[in-house]
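Note on naming: letters A, B, ... go to the chains in the order of the sequence lines (proteins, then strands), and numbering restarts at 1 for each one.
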Amino acid sequence: MALRLYNTLTERKEELVPIAPGEVRMYVCGITAYDLCHLGHARSLLVFEVLRRYLAFRGYRVRMVRNFTDVDDKIIRKAQETGRTWKAVADHYIQEFQADMARFELPPADMEPRATDHVPAMVALTESLLARGLAYAVDGDVYFRVRGFPGYGRLSRRNLDDLRAGARVEVDERKEDPLDFSLWKRAKPGEPAWESPWGPGRPGWHIECSAMAMELLGESFDLHGGGEDLIFPHHENEIAQSEGATGKPFARHWVHNGFVRIEQEKMSKSVGNVFTIRDLLGKFSPDALKLFLLGSHYRGPIDYAPEKVEEAGRALDRIRLLAESVEALEEHPRGGALPAAVGAARGEFVAAMDDDLNTARALSAIFTLVRHLNGALDRLPERRRATAAAAAAFREGIAAIREMGQVLGLRLSGGATRPAEEAALSAVAALLREYCPEQVAAAPDLSAGVEALLARREGARRARDFTVADAIRRRLAAAGIEVADRPQGSTWRLRTK
RNA sequence: GGCGGCGUAGCCAAGUGGCUAAGGCAGAGGUCUGCAAAACCUUUAUUCGGCGGUUCGAGUCCGCCCGCCGCCUCCA
């Protein structure tokens, strides 16, 4: 068994066979640094991070490159609008991107090149395309001659005549064919410029990725990815430029993720239905957002709605609560029931991931194991006494869940999110003023506050004043604090969203 | 117009022609509890947009129709 991944180029699932045995070299198109990232970016970022992690899990060394486009029309326009330099705009949004990645708990790629650090490679690539007759220069601009590259349209399955018929491209008199695209753009006054054989200018968008990918990964590498909207023209053009210049195959495997939609419509700025990563992570934990995104297959569309992320958060809590219960197990000679099914879950997880990164199915394997472990836990005396062997088996189960979760980029541990904590804290403060005013000063943090309220509640319970006891419990629950009454006393925990 | 995708339970969603159609959320009943919560157990699609066809057998393949979406211009 090996990983089979859908290849856009061949329209079928194909086994990923690295060119260099044991090592996968992958390039993923990164962001253009002119605005904050939204949920669509988050999905793409997550999908390829999961791919990378799964490859590592399968024993491959992985080299993943994700670029930054730090010079282009949109950046220049943003600079003009806001009175900053193009460089300041790009630097700023790259920093914001990195901050978002940290909040979303995704690590950086192995290499994160900026386009402007690789201009000489882009110039060289353009020169070699000119030398091969696949490009032509006009007044300081250089265009790729689409008709000169026979394979053009193979990735996106388009033929040039159809494209031309449907083309809504601005007619540029200087182009031989309307579909020819820029390799090099002559600088207008005030625009960023690098020296070149054709005069000062800057590289076109598509050539950036070709040049950086080949410089960092070699002329031929294993996998190239991005959102499905990049298939045409961006990736089509990358293939034409790269293979046109080298005569060698560029990327073997092309992987594209589907869109995030809002109420059946593509999320995009023109529609005005964009949710930034930043806003979403103010409301939801990274794990909940990830679980939501991984709940459907990466190639299909996914419809965003806040309730769905909340649902994912509830599902996630089941895993967290199980892990906490297992950590709290007490070893006892007369424990019970050994949990089984760890091996089966792992097998199903691998089978699912091998089948075109089917994270939804992989998650079902995890949740099935969660149910089995919970069931075994329920059969333990007081749900907490296990023999040494049983306790070890439970811990092995949790370790397996953590390991599988980790491949999916999930943390599956740790406390509640900061927003949840802040909301809980203010609710607790209000309850303290109402039920134990003398304790307000003595209970400065959440934990002390809840403990004081639980002590007050325990007093009420002893006095069989269930009205007060239940009111306190109900209002704590409303604040996200879940109280459980056990034979040994009451416990509490903060739920996440 | 060209190319591509989707339509599975109340909601989300997986499903590689063949045992009883994953999993999550929500709902109902039960166990536990002073009552709850959590957890577990049971339960919720004789059926996969519609109609035909291929096949011993189709959610899965083919055709047509209906509905939704995307790409063809910058876009994850």
Once you apply a heavy-atom cut-off of 4.0 Å, does A:Ala315 come out as touching a base, just sugar-phosphate, or nothing?
sugar-phosphate
May I ask which nucleotide in the shown strands pairs with B:rG67, Watson-Crick or G-U wobble, both distances under 3.5 Å?
B:rC6
Can you identify which nucleotide, out of B:rA36, B:rC25, B:rA38, has its nearest atom closest to the A:Arg473 side chain?
B:rA36
Using atom CG of A:Leu410 as one end and atom C1' of B:rG24 as the other, report the distance to the nearest whole Å.
14 Å
Hey, does A:Val468 have a side-chain heavy atom less than 4.5 Å from the side chain of A:Arg456?
yes
B:rA37 C1' sits how many Å from A:Trp492 CH2, rounded?
15 Å
For the side chain of A:Leu230, counting heavy atoms from C-beta on, which of B:rC75, B:rC40, B:rC35 is nearest?
B:rC75
hbond_proxy A:Arg461 side chain to B:rG34 base (donor-acceptor, 3.5 Å cutoff)
yes
Expressed in angstrom and rounded to an integer, what is the separation of A:Lys266 atom NZ from B:rC72 atom P?
7 Å
Per A:Glu311 side chain, nearest of listed nucleotides B:rG24, B:rA14, B:rG70
B:rG24
Can a side chain N or O of A:Arg493 be found less than 4.0 Å away from OP1 or OP2 on B:rA38?
no
Taking pairing as Watson-Crick or G-U wobble with both contacts under 3.5 Å, can you name the mate of B:rG23, or confirm there isn't one?
B:rC12
Please determine whether any donor N or O and acceptor N or O are separated by less than 3.5 Å between the side chain of A:Asp485 and the base of B:rC35.
yes
Out of B:rA14, B:rA76, B:rG70, which nucleotide sits closest to the side chain of A:Val260?
B:rA76
Ranking B:rA38, B:rC69, B:rC74 by distance to the side chain of A:Gln264, first place goes to B:rC69
Quick check: any donor-acceptor pair below 3.5 Å linking the side-chain of A:Asn358 to the base of B:rG15?
no
One thing to verify: whether A:Arg320 and A:Asp287 come together as a salt bridge, which I'm taking to mean a side-chain N less than 4.0 angstrom from a carboxylate O.
no
Ranking B:rA14, B:rG23, B:rC35 by distance to the side chain of A:Asp470, first place goes to B:rC35
Within less than 4.0 Å of OP1 or OP2 of B:rA39, is there a side-chain N or O belonging to A:Arg379?
no
Answer with yes or no after comparing the ring centroid distance for A:Tyr143 and A:Phe181 against a 6.0 Å cut-off, counting only values under it.
no
Is there a Watson-Crick or G-U wobble partner for B:rG59 with both distances under 3.5 Å, and which nucleotide is it?
none
Check the distance between B:rA76's P and A:Leu106's CG and give it to me in whole angstrom.
17 Å
Kindly point out which of B:rA14, B:rC35, B:rC71 is positioned nearest to the side chain of A:Arg158?
B:rC71
Would you please confirm or rule out a distance under 4.0 Å between OP1 or OP2 of B:rA76 and any side-chain N or O of A:Arg66?
no
Could you tell me how far apart A:Asn159 (CG) and B:rC3 (P) are, to the nearest whole angstrom?
9 Å
Between P on B:rG15 and CD on A:Glu348, what's the gap in Å once rounded to a whole number?
11 Å
Please determine if A:Arg361 and A:Asp355 form a salt bridge, counting it only when a charged side-chain N lies under 4.0 Å from a carboxylate O.
yes
Could you tell me whether A:Arg154 contacts a base, only the sugar-phosphate backbone, or nothing, with contacts defined as non-hydrogen atoms closer than 4.0 Å?
nothing
Under the criterion side chain to side chain contact (heavy atoms under 4.5 Å, CB included), which of A:Glu238, A:Met26, A:His253 is the partner of A:His224?
A:Glu238
Between CG of A:Leu369 and P of B:rA22 the distance, given in whole Å, is 18 Å
Would A:Phe259 pass as stacked on B:rA76, i.e. its ring centre under 5.5 Å from the base's six-membered ring centre and planes under 30° apart?
no
Suppose we define a pair by two distances each less than 3.5 Å, Watson-Crick or G-U wobble; what does B:rC40 pair with here?
B:rG30
Aromatic ring pairing A:His206/A:His234, orientation class (parallel under 30°, perpendicular over 60°, tilted between):
tilted
B:rG1 - base-pair partner by Watson-Crick or wobble geometry, distances under 3.5 Å
B:rC72
Options B:rC69, B:rC3, B:rC25, nucleotide nearest the side-chain atoms of A:Arg261:
B:rC69
When only distance counts, do a donor and an acceptor, one from the side chain of A:Arg371 and one from the base of B:rC40, lie under 3.5 Å apart?
no
N or O in side chain of A:Asn257 less than 4.0 angstrom from B:rA76 OP1/OP2
no
Would you indicate which nucleotide in B:rA26, B:rG24, B:rA76 comes nearest to any side-chain atom of A:Arg314?
B:rA26
Does a side-chain N-to-carboxylate-O contact under 4.0 Å join A:Glu191 and A:Arg202?
yes
How about A:Phe221 and A:Phe250: are their ring centroids closer than 6.0 Å?
yes
Between the base of B:rA22 and the side chain of A:Ser364, is there a donor-acceptor distance below 3.5 Å?
yes
Of the options B:rA22, B:rC3, B:rA76, whose atoms approach the side-chain atoms of A:His41 most closely?
B:rA76
Find the partner of B:rA45: check Watson-Crick (N1-N3 plus N6-O4 or O6-N4) and G-U wobble (N1-O2, O6-N3) distances, both under 3.5 Å, and reply none if neither fits.
none
